[in-house]
Amino acid sequence: MKTDIEIAQDAVMKPIREVAQSIGMTEDDLELYGKYKAKISNEYYDKIKQNPDGKLILVTAINPTPAGEGKTTVTVGLGEAFGKLDKKAVIALREPSLGPCFGIKGGAAGGGYAQVVPMEDLNLHFTGDFHAITAANNLCAAMLDNSIQQGNELNIDPNQIVWKRCVDINDRVLRNIVVGLGRKVDGVVREDHFVITVASEIMAILCLAADYADLKERLGNIILAYTYDGKPVTAKDIKAVGSMAVLLKDAMKPNLIQTLEHTPALVHGGPFANIAHGCNSVKATQTALKMADYVITEAGFGADLGAEKFMDIKCRKAGLKPDCVVLVATVRALKYNGGIAKEELSKENLEALKKGIVNLEKHIENLQKFGVPIVVTLNQFVTDTEAEYQYIKKFCEERNCAFALAKVWEKGGEGGIELANKVIETIEQKPSKFAPLYPDNLSVKEKIDVIAKEIYGADGVTYSPEAEAAIRKIEDLGYETYPVCMAKTQYSLSDDMKKLGRPTGFTIHIREVYISAGAGFIVAITGNIMTMPGLSKSPAAFGIDLTDDGKITGLF
């Protein structure tokens with residue numbers, strides 16, 4: 001079997017003009033970035049904004065395991081399957097980050113015969129969106145430090161600077177640094193920090209902003225620091241808004257590429273779901289809904305993170321209403337949750353499956369709390385058995401969930417027809433009654449408590465003294481109505497990555513809380529989650545190379 005990158009490199013892509021024409025776009029609606037990728041012009045959305053919205057389908061998953069789940073693969077394959085059924089469908093995805101690409105995860109463009117292409121471009125520099133976000137973030141940081149250096153007219157306390165620099169690489173030594181060393185002209189000596197670009201508030205802002213005016217307002221609201229007397233200092237205060245907006249001008253436009261079967265794919269924005277809100281841009285999703293009858297999007301990691309934030313942050317902020325949720329699992333991942341070692345997952349083991357399926361059960365229960373109908377799908381592996389399939393199918397149907405197999409990794413769109421038909425049937429027979437999990441008027445702690453107990457299954461929540469103080473300040477500043485973005489390990493429903501399955505008898509510990517006033521949410525960091533990942537002993541970067549004739553190898 002070919003590797004994912006070999007399949008992608010052997011693909012015969014259509015010029016992006018032709019892909020655009022298949023959904024009624026003209027060349028004037030595009031800003032071309034070579035033959036196979038383009039940005040969608042601002043004028044195009046104005047042309048179609050009166051169109052009725054298509055049906056919005058969210059693809060999410062159980063907690064990720066080393067056994068693999070294939071959420072993006074299913075998302076892409078489902079979009080291709082709608083094409084096989086002659087349905088007008090568009091996929092809306094996040095852009096991959098360079099950090100995990102060169103770290104542990106590798107590339108992120110789907111897999112097998114359910115991929116978006118050009119795969120190498122997407123996983124590397126693509127259209128430069130992440131570089132623009134990085135530049136805007138760091139320009140703001142430079143202007144903040146310059147404001148202090150040039151007389152500090154705003155009375156900024158260097159010990160209360162909360163804005164961090166960013167880079168889209170896993171680089172642990174930048175988590176905690178000292179800047180301003182050297183001569184007096186080199187700046188004020190202070191402690192500083194880096195986050196990975198996908199955790200930058202500017203990434204979240206880009207993904208939630210409706211247009212340039214909204215972008216600038218959100219940028220202006222970013223809290224960068226506090227004065228000596230405790231008042232917030234914003235990006236507007238240091239006059240950074242216009243320059244940041246200019247750097248983000250083109251990054252605001254959604255990107256158009258294609259799947260291996262030429263289904264249009266809008267790929268735009270990429271906040272992580274374990275440390276940010278985990279969804280592609282509102283602008284891309286809203287554009288897709290005006291372009292097609294069915295829009296298939298995804299949210300990062302498991303449903304406890306990505307789907308919860310999609311519902312409680314993205315949908316709340318943008319007025320979106322999902323019509324169906326596809327919950328992805330694999331037989332192998334469920335057996336892994338049942339305590340079986342990775343090396344033993346290829347063997348049929350119904351006892352392990354029965355133990356591990358509680359993870360799927362919890363995610364079903366969680367998603368049902370949002371009032372959206374659910375289709376559970378198994379991303380098929382060749383080692384799966386019919387007995388395992390039948391057990392899972394019966395389990396799901398007993399919980400009022402439709403069920404379908406997905407064979408998209410091996411067969412592309414053809415392998416997703418069963419799933420696509422089940423999704424269409426579910427949308428037609430079970431109207432969505434979507435509602436967020438909690439109202440805006442709860443206190444910060446009440447919102448955290450609801451998520452921890454209702455979604456994670458925790459007994460309660462504990463707070464560090466620093467988190468307690470931060471919550472008091474957030475409420476004093478009047479931001480308590482904002483939704484909460486939980487930063488938590490993706491590997492467990494709890495904040496301990498080693499607790500698999502459906503853990504009970506645990507508490508969630510909040511060690512840090514801060515306000516992302518521009519994005520419009522409150523971030524609560526649990527356990528030992530890091531906003532700047534590090535590289536492993538043998539990162540994926542070891543296996544990535546460029547041949548003498550310019551061919552990229554080992555990307556995925």
Side-chain angles (χ1 to χ4, degrees), residues 7-57 59 72-95 109-110 112-122 126-127 253-268 280-281 283-298 323 408 411-417 419-421 423-424 427:
I7 292 171
Q9 288 173 338
D10 289 344
V12 178
M13 290 182 283
K14 286 184 178 181
I16 200 64
R17 295 184 184 92
E18 294 182 21
V19 176
Q21 288 169 1
S22 73
I23 47 172
M25 301 178 75
T26 69
E27 190 167 338
D28 286 342
D29 299 323
L30 305 176
E31 297 174 8
L32 298 175
Y33 280 64
K35 289 177 64 177
Y36 302 114
K37 55 186 187 288
K39 282 192 168 289
I40 296 175
S41 70
N42 293 321
E43 293 75 18
Y44 175 68
Y45 184 75
D46 291 334
K47 282 170 53 176
I48 64 171
K49 64 184 180 182
Q50 299 304 322
N51 291 352
D53 284 345
K55 300 297 185 182
L56 181 57
I57 301 156
V59 181
T72 305
T73 301
V74 170
T75 304
V76 175
L78 180 57
E80 292 176 332
F82 273 104
K84 292 281 187 185
L85 295 172
D86 293 323
K87 304 293 184 182
K88 193 175 183 182
V90 169
I91 299 165
L93 299 172
R94 294 177 300 160
E95 301 175 47
Y113 289 92
Q115 295 189 59
V116 283
V117 285
M119 186 259 218
E120 302 102 304
D121 292 12
L122 176 60
F126 199 30
T127 57
K253 301 170 185 174
N255 306 295
L256 177 67
I257 54 174
Q258 63 190 289
T259 73
L260 293 174
E261 298 179 11
H262 317 302
T263 303
L266 271 59
V267 186
H268 192 221
N280 75 321
S281 76
K283 192 165 185 182
T285 303
Q286 289 179 332
T287 302
L289 285 168
K290 299 298 182 182
M291 295 167 67
D293 297 325
Y294 297 93
V295 174
I296 304 99
T297 191
E298 68 167 3
D323 294 283
V408 295
K411 298 181 178 181
E414 189 68 32
I417 289 177
L419 175 59
N421 280 325
V423 168
I424 293 169
I427 289 173

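Nothing fancy with the numbering, it's 1 onward along the sequence. Just the heavy atoms: all of them, side chains too, but no hydrogens, waters or symmetry mates, feed the values below.
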Are any of the side-chain heavy atoms of Thr259 and Val117 separated by less than 4.5 Å?
no
Determine whether Val295 and Gln286 make a side-chain contact, defined as any pair of heavy atoms from C-beta on separated by less than 4.5 Å.
no
Residue pairs meeting salt bridge (Lys or Arg N to Asp or Glu O under 4.0 Å), one or both in residues 73-93, sequence neighbours left out, come to none
Which heavy atom in Tyr294 sits nearest to a heavy atom in Ile427, and how many Å separate them?
CE2-CD1, 4.3 Å
Measuring from atom CD1 of Ile91 to atom CD1 of Ile57, what distance do you get when rounded to the nearest 0.5 angstrom?
10.5 Å
So, do Val408 and Thr73 sit near enough that their side-chain heavy atoms are less than 4.5 Å apart?
yes
Please name the residue in the list Asn255, Leu266, Thr75 that meets the side chain to side chain contact (heavy atoms under 4.5 Å, CB included) test with Leu93.
Thr75
Could you give the distance from CD1 (Ile23) to CG (Asp293), rounded to the nearest 0.5 Å?
11.5 Å
Under the side-chain hydrogen bond (donor to acceptor under 3.5 Å, both in side chains) test, which residues partner Lys253, sequence neighbours left out?
Glu31, Asp250
Atom pair CD (Glu120) and CG (Leu122), whose distance is rounded to the nearest 0.5 Å
10.0 Å
Can you pull out every salt bridge (Lys or Arg N to Asp or Glu O under 4.0 Å) where at least one residue sits in residues 8-22? Sequence neighbours excluded, please.
Lys2-Asp10, Arg17-Glu27
Rounded to the nearest 0.5 angstrom, the CD-OG1 distance for Gln258 and Thr263 is 9.0 Å
Side chains of Lys37 and Leu256: does their closest heavy-atom pair fall under 4.5 Å?
no
If every non-hydrogen atom of Val76 is compared with every non-hydrogen atom of Ala114, which pair is closest and at what distance?
CG1-C, 3.4 Å
Asp323 side chain near Leu56 side chain, heavy-atom distance below 4.5 Å:
yes
To the nearest 0.5 Å, how far apart are NE2 in His268 and CZ in Arg94?
14.0 Å
Does Lys47 have more than 12 heavy atoms from other residues, nucleotides or ligands lying within 6.0 Å of its NZ?
yes
So with a 6.0 Å cut-off around NZ of Lys55, is the heavy-atom count from everything else above 12?
no
For Ser281 and Ala284, which heavy atoms make the closest approach, and how far apart are they?
OG-N, 2.9 Å
Note, Thr26 side chain near Tyr44 side chain (heavy atom, < 4.5 Å):
no
Side chains of Ile257 and Asp121: closer than 4.5 Å at any heavy-atom pair?
no
Looking at every heavy atom in both Leu260 and Ala8, which two are closest together, and how far apart are they?
CD2-CA, 4.4 Å
Please round to the nearest 0.5 Å and tell me the distance separating atom CD1 of Ile16 and atom CD of Gln21.
10.5 Å
